[in-house]
Amino acid sequence: MNYDVVVVGAGHAGCEAAAAAARMGAKTCLITMDMNKIAQMSCNPAVGGIAKGQIVREIDALGGQMGIVTDRCTLQFRMLNRSKGPAMWSPRAQCDRQRFILEWRQILETTPNLDIWQDQVCEIITEHSEIQGIRTQLGATFHARCVVVTAGTFLNGLMHVGRVKIPGGRSAEPPAIGLTESLTRHGIRSGRMKTGTPVRIDRRSVDFSLMERQEGDTDGAAFSYLETRRTLAQLPCWICYTNTEVHDVLRSGFADSPLFNGQIQSIGPRYCPSIETKLDTFPDRDQHMLFLEPEGENTNEMYLNGFSSSLPMDVQLNALRKIPCFRNVVAYRPGYAIEYDYFDPTQLRHTLESKVVGGLFLAGQVNGTTGYEEAAGQGLMAGINAALKVAGKEEFILHRDEAYIGVLIDDLVTKGVDEPYRMFTSRAEYRILLRQDDADMRLTERGFRIGLATAERYERMKRKRDAIDAIVAFAEKFSLKPALINDALTQLGTTPLQHGCKLYELLGRPQITLQNILPHIAPLHNEIDRVCGTDVQWRNEVIEAAEIRIKYSGYIIREREMAEKMNRLENIRIKDKFDYLNMNNITIEARQKLSAINPETLAQASRIPGVSPSDVNVLMVLCNK
């Protein structure tokens, strides 16, 4: 069995890695323990969210598959943070869990150059510190020029429900044994991390009249920049709250909680805590918000977001029954915590290739991250670089001012991790440059040049770019006269004009958008009809992108200038210059880490775990002063 690339694990990272490598011409094999669990959404069946949605848009722009699959499986789509600026807008979709698996499997099984093998990998094969292939539990040997390890939470996985411990990488699935030990024998450092998942609930036992209904958006927006249409029924999510009775029941089980009795020693995610961690961290809070979300179009199983737990089963269920809407609740299975092995990502290059073993790439939760989107972004980059290495071509790296994926990988390989890494918009210092609306403008041409993004995708991007340019140019040239526009401005709640102005200038007002001014300016209406046509999704996408470019042009220019300055960080010395503990304009975590380490340069400060790009920007401003 001889391949160019072997991918170990068929989670979100593995699927993207295998699809990318094969589509770029590398003979690829994807090895998974269970072909019926390909791209399984182990926790919440949702894609996107704050900063995560931007990553999915970038995956799609480069020619990856996650956005396409998500659109085909969407039960509810929402654009989060609409009340904030466009740099913060983040798409999110609730998905049909089973449909997601089927869609991904169909893509993989119809991808040229890609084979699938069901087995467990237990050993890597090397020669002179270069990868030669892998061996499996069944005794098969696969020779490969590159190997991408994307084993998720399966490496020596151990699940916890109260004091009960069960070996496993996921509920009802065995752990992967031997691969960690094989990697560490070659000098690759490993550690342990923890994550968790909540109870699954039978919708027939829920009193929805006592919950707040949460609908999705209805404007036809989607993840993929390709033309996609949702086919599944659009379903609501539901909101409820814990109360003091719930908290009392939960606290009664703390003695049996593996988080508090020493049973779990590994580090859990700071930004997705269990319900018992919330109670311990915020003892004065009387309630916590919970979201009840559908698992699929045709199932009664529902996911209780916000109630992740490793407490004993009876404690979890008794606590839920103290919430009015769950007084008769019936569960399919309890929440549980899981411990698993990960590897120090500072031993990786920016291509995600190991510095220790040539031709070995690692991606996803094995690098200390958490989340489907972070995993998929890494998997895509690892698959791309494995295929390029096999072909003897130049490596492909995204920088911090080019993509959230670039921020993610740079953080991992330069700062490392001391807790499961989750992407946030605050981690990116160039948020205005990395918006979700323009990922195709930033990345599709690059994806096309390396042979991943299709010609269809590239041509669509060029048409969109031309349409946006045409609208912006029209706004720059078209003059408005007060007599013709003032009535409309009064209706829209903004000050009438005293003198004529360009449409571009008028669109700088917060009350004015291209959509609400469109009915009042016939030439603008005609121009948008000309460049956008009648497709509603395409039209909205182009108009939104054009408007953001106009309204935020000053911020965009400023961030581009800042990106150029950041290249000089290595020459900015800050040792002993600041009293970090008394700096109120950076986060508490940053104050503590900077004070303890007292970095030599601003570049070194930027690589310290816990010091965000926003904190670095504050230090840079102070240095300039």
Side-chain angles (χ1 to χ4, degrees), residues 40-49 73-78 80 92-101 161-162 170-172 195-218 230 232-253 272-279 285-337:
Q40 167 76 299
M41 305 176 98
S42 306
C43 201
N44 192 356
V47 170
C73 304
T74 293
L75 298 170
Q76 185 191 95
F77 184 92
R78 295 178 65 218
L80 307 182
R92 182 187 187 272
Q94 197 71 22
C95 299
D96 186 305
R97 185 190 299 276
Q98 293 303 315
R99 179 75 173 268
F100 200 91
I101 293 171
V161 182
R170 194 160 49 206
S171 179
T195 189
T197 192
V199 60
R200 303 307 201 273
I201 288 174
D202 188 332
R203 68 174 296 121
R204 295 169 295 182
S205 66
V206 179
D207 186 346
F208 290 101
S209 68
L210 300 175
M211 305 185 81
E212 177 185 339
R213 187 183 180 103
Q214 185 184 56
E215 300 285 0
D217 296 344
T218 58
R230 292 199 283 271
L232 302 184
Q234 298 301 287
L235 303 178
C237 295
W238 304 85
I239 297 173
C240 64
Y241 298 86
T242 62
N243 54 50
T244 54
E245 287 186 273
V246 175
H247 298 176
D248 289 341
V249 174
L250 292 171
R251 288 191 181 99
S252 72
C272 188
S274 65
I275 187 66
E276 54 264 39
T277 301
K278 292 178 187 177
L279 298 188
R285 289 281 296 273
D286 293 332
Q287 64 178 23
H288 293 278
M289 183 182 290
L290 305 177
F291 295 86
L292 188 62
E293 300 167 328
E295 293 259 344
E297 184 182 31
N298 299 305
T299 179
N300 287 317
E301 187 176 359
M302 301 193 78
Y303 179 94
L304 189 57
N305 196 345
F307 204 79
S308 176
S309 180
S310 59
L311 288 165
M313 284 186 291
D314 58 333
V315 174
Q316 293 185 41
L317 296 177
N318 289 337
L320 282 178
R321 291 182 179 125
K322 299 297 183 182
I323 302 174
C325 59
F326 297 138
R327 60 180 177 269
N328 298 312
V329 73
V330 174
Y332 286 104
R333 62 182 182 274
Y336 62 88

At what distance, to the nearest 0.5 angstrom, does [atom1] of [X] lie from [atom2] of [Y]?
X: Glu293; Y: Met302; atom1: CD; atom2: CE; result: 8.0 Å
X: Arg92; Y: Asp217; atom1: CZ; atom2: CG; result: 12.0 Å
X: Ser252; Y: Leu311; atom1: OG; atom2: CG; result: 8.5 Å
X: Ser308; Y: Ile275; atom1: OG; atom2: CD1; result: 9.0 Å
X: Leu75; Y: Cys237; atom1: CG; atom2: SG; result: 8.5 Å
X: Ile323; Y: Leu304; atom1: CD1; atom2: CG; result: 7.0 Å

task = Could you give me the CA-CA distance, side-chain angles and deciding distance for Thr197 and Tyr303, then say whether side chain to side chain contact (heavy atoms under 4.5 Å, CB included) is met?
result = CA-CA 9 Å; Thr197 192; Tyr303 179 94; 4.1 Å; yes
request  = For side-chain hydrogen bond (donor to acceptor under 3.5 Å, both in side chains), just list the numbers for Thr218 and Gln234, CA-CA rounded to whole Å, side-chain angles, deciding distance to a tenth of an Å, and then say yes or no.
outcome  = CA-CA 9 Å; Thr218 58; Gln234 298 301 287; over 6 Å; no
Looking only at heavy atoms, what is the nearest atom pair of [X] and [Y], with distance?
X: Pro198; Y: Cys43; value: CD-SG, 4.2 Å
X: Leu80; Y: Gly49; value: CD1-CA, 3.9 Å
X: Ala319; Y: Val249; value: N-CG1, 3.6 Å

Report yes if the side chains of [X] and [Y] come closer than 4.5 Å at any heavy-atom pair, otherwise no.
X: Ile201; Y: Leu320; value: yes
X: Leu235; Y: Gln76; value: no
X: Met313; Y: Tyr336; value: no
X: Arg170; Y: Gln40; value: yes
X: His288; Y: Phe307; value: no
X: Asn44; Y: Gln94; value: yes
X: Cys73; Y: Phe100; value: yes
X: Arg333; Y: Glu301; value: yes

inquiry  = Does Met211 form a side chain to side chain contact (heavy atoms under 4.5 Å, CB included) with Phe326? I'd like the steps, not just the answer.
reply    = CA-CA 10 Å; Met211 305 185 81; Phe326 297 138; 4.2 Å; yes
Keeping the roles fixed (side chain from [X], backbone from [Y]), state whether a donor-acceptor pair exists under 3.5 Å.
X: Asp96; Y: Glu297; answer: yes
X: Thr299; Y: Gly296; answer: no
X: Ser310; Y: Ala337; answer: no

Results of ring pair (Phe, Tyr, Trp, His ring centres under 6.0 Å) for Phe77 - residues two or more places apart only = Phe223
ask   = According to the side-chain hydrogen bond (donor to acceptor under 3.5 Å, both in side chains) rule, which pairs have a member within residues 236-245, sequence neighbours left out?
value =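 Every pair satisfying side-chain hydrogen bond (donor to acceptor under 3.5 Å, both in side chains) with a residue in residues 236-245: Thr242-His247.
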task = Among residues two or more places apart or on two chains, list those pairs meeting side-chain hydrogen bond (donor to acceptor under 3.5 Å, both in side chains) that have a residue in residues 313-331.
result = Asp207-Arg327
request  = Test Gln214 against Glu212 for side chain to side chain contact (heavy atoms under 4.5 Å, CB included), laying out the working first.
outcome  = CA-CA 7 Å; Gln214 185 184 56; Glu212 177 185 339; over 6 Å; no
